[in-house]
Amino acid sequence: MRAAFREALPAWFDGARRPMPWREPGPDGRRDPYRVWVSEVMLQQTRVETATPYFRRFTERFPTVRDLAEAGQDEVLKLWEGLGYYSRARNLHRAAQQVVADHDGEVPSDEEAFRALPGAGPYTAAAVLSLAFDTPLAVLDGNVIRVLTRVFAIDADARSGRTRRQLQDLADVLLDPAHPGRWNESVMELGATVCTPRSPACPRCPLNDVCQAYARGAPEAFPVVSKRAPVPHHTIAVGLVIDDASRVLIQRRPEDAMLGGLWEFPGGKVEDGETPGEACVRELREELAVEVEVSAPIARVEHAYSHFRITMHAFRCRLVSGEPASETGEPIAWVPIDALDDYAFPRANRRVIEALIEEARAPRLL
DNA sequence: GAGGCGTGGCG
DNA sequence: TCGCCAAGCCT
């Protein structure tokens, strides 16, 4: 069994290894720990194809830890815009500053020191240290969980702490201590390209002769996971307050909130017994101490977040009275419509901006 | 331990 | 259309 994982699997990997920008060695023939780190953070809960263009842009703008540490958060978030889970970007930014302050700009090769960085959990530590420094730590990510639960036909809830500890122990035993980075990448690559969640390609799997799930003819039965609760739905109303100079009013979200640090159009939840238009007027009164009049609907956007769904109604608004002032302490800004691209917005807001620009190009006759 | 935290693709 | 999921971490 151990031989299959240490010989057949890495041998398969040598022929199946997909080229990725963070897999390229540097001038010294080694991988840059910083680039490995950035890639591993971007790859958390994110597909390779999605993360790749972000990685290229990010590392071109911030080639070193110091470049990242010296940047402003706005620019970091702008480069992360659309990638989701924005706390990853905020944490990575803070971690870079910590590396400069405490480690002279060198990514720590010590597990305890690396784990002390914000956003560095067990997976990321094992991945970065094994890939960049050949530290013998086995990664346990979604791919490894899937491969191991199938090969060993483990039918306990894969999300439970007990099962995870069992799987980590298994990975630790199977890991090739002579080539930890290669072993980790081999298992993850197998999970990503062959031992996939649906329709796994078992006939061309290097582990199929030892795989118990394959022997049973039911690879997709693993891993076993409990069902998630259905997610709630909310109706949201936002206002596009535009002044005579075609500037739009936007507001930055609090650092510790969902989508923290990104910009958005002011608004909020539509309450029971309220129309979206009424909610828009009320929210702008509450958040910005202004009276507005809803003039035209601009867009209706359906969007799914990680734990709830929304329908967002966006209205063009006319400022009736008052000067917008943040009631919550979060910054506001008047931005020319064609300069909205310079700010980081959540996806749903980006949809609204697309509709606004389309509206300006071909206004609907009312 | 359970739940918060984005987005896009796929069957 | 909809639920599930993808190289997790934090509280």
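Letters A, B, ... are given to chains in the order of the sequence lines, protein chains preceding strands, and every chain is numbered from 1.
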Looking only at C:dC5, C:dA6, B:dG1, the nucleotide nearest the A:Arg165 side chain is B:dG1

Indicate, with a heavy-atom threshold strictly under 4.0 Å, whether [X] touches base, sugar-phosphate, or nothing.
{"X": "A:Ser39", "result": "nothing"}
{"X": "A:Val48", "result": "base"}
{"X": "A:Arg164", "result": "nothing"}

Counting only Watson-Crick and G-U wobble pairs with both atom distances below 3.5 Å, the stems of 3 or more consecutive pairs that include DNA chain B are B:2-5 with C:8-11, B:7-11 with C:2-6

Please list, one pair per line, the donor and acceptor atoms closer than 3.5 Å that link side chains of residues 171-178 of chain A to other protein atoms, with sequence neighbours excluded.
unit_1: A:Asp172; atom_1: OD1; unit_2: A:Gln168; atom_2: NE2; d: 3.0
unit_1: A:Asp176; atom_1: OD1; unit_2: A:Ala178; atom_2: N; d: 2.9

Salt bridge (charged side-chain N to carboxylate O under 4.0 Å, His left out): which pairs involve [range], sequence neighbours left out?
{"range": "residues 83-103 of chain A", "answer": "none"}
{"range": "residues 338-350 of chain A", "answer": "A:Glu81-A:Arg350, A:Asp341-A:Arg350"}
{"range": "residues 13-28 of chain A", "answer": "A:Asp14-A:Arg182, A:Arg18-A:Glu189, A:Arg23-A:Glu185, A:Arg23-A:Glu189"}
{"range": "residues 138-162 of chain A", "answer": "none"}

Let me know the distance between [atom1] of [X] and [atom2] of [N], rounded to the nearest Å.
{"X": "A:Trp80", "N": "C:dC9", "atom1": "CH2", "atom2": "P", "answer": "13 Å"}
{"X": "A:Met188", "N": "C:dG8", "atom1": "CE", "atom2": "P", "answer": "9 Å"}
{"X": "A:Ile145", "N": "C:dA6", "atom1": "CD1", "atom2": "C1'", "answer": "12 Å"}
{"X": "A:Asp141", "N": "C:dA6", "atom1": "CG", "atom2": "P", "answer": "10 Å"}
{"X": "A:Tyr123", "N": "C:dA6", "atom1": "OH", "atom2": "P", "answer": "13 Å"}
{"X": "A:Leu117", "N": "C:dC10", "atom1": "CG", "atom2": "P", "answer": "10 Å"}

Under the ring-ring contact (aromatic ring centres under 6.0 Å, His included) definition, can you give me all pairs with a residue in [range], not counting sequence neighbours?
{"range": "residues 151-202 of chain A", "result": "none"}
{"range": "residues 286-311 of chain A", "result": "A:His234-A:Phe308, A:His303-A:Tyr305, A:Tyr305-A:Phe308"}
{"range": "residues 247-280 of chain A", "result": "A:Trp263-A:Tyr343, A:Phe265-A:Phe345"}

Partners of A:Arg198 by salt bridge (Lys or Arg N to Asp or Glu O under 4.0 Å), sequence neighbours excluded? none

Per-nucleotide protein contact string for nucleotides 5-11 of chain B (B base, S sugar-phosphate only, - none; heavy atom under 4.0 Å): BBBB---

Regarding A:Thr311 and A:His233, do their side chains bring together a donor and an acceptor under 3.5 Å, going by distance alone? yes

Donor-acceptor pair between A:Thr124 and A:Gln44 side chains, under 3.5 angstrom: yes

List in numerical order all residues of residues 14-25 of chain A for which some heavy atom is under 4.0 Å away from an atom belonging to DNA chain C. A:Arg18, A:Met20, A:Arg23

A:Arg204 side chain near A:Val194 side chain, heavy-atom distance below 4.5 Å: yes

Same-atom distance (P) from B:dG6 to C:dC2, integer angstrom: 23 Å

Separation of the P atoms in B:dG3 and C:dC4, to the nearest angstrom: 15 Å

Note: for A:Val231 and A:Ala192 on DNA chain C, the residue whose nearest nucleotide lies more 5' is A:Val231

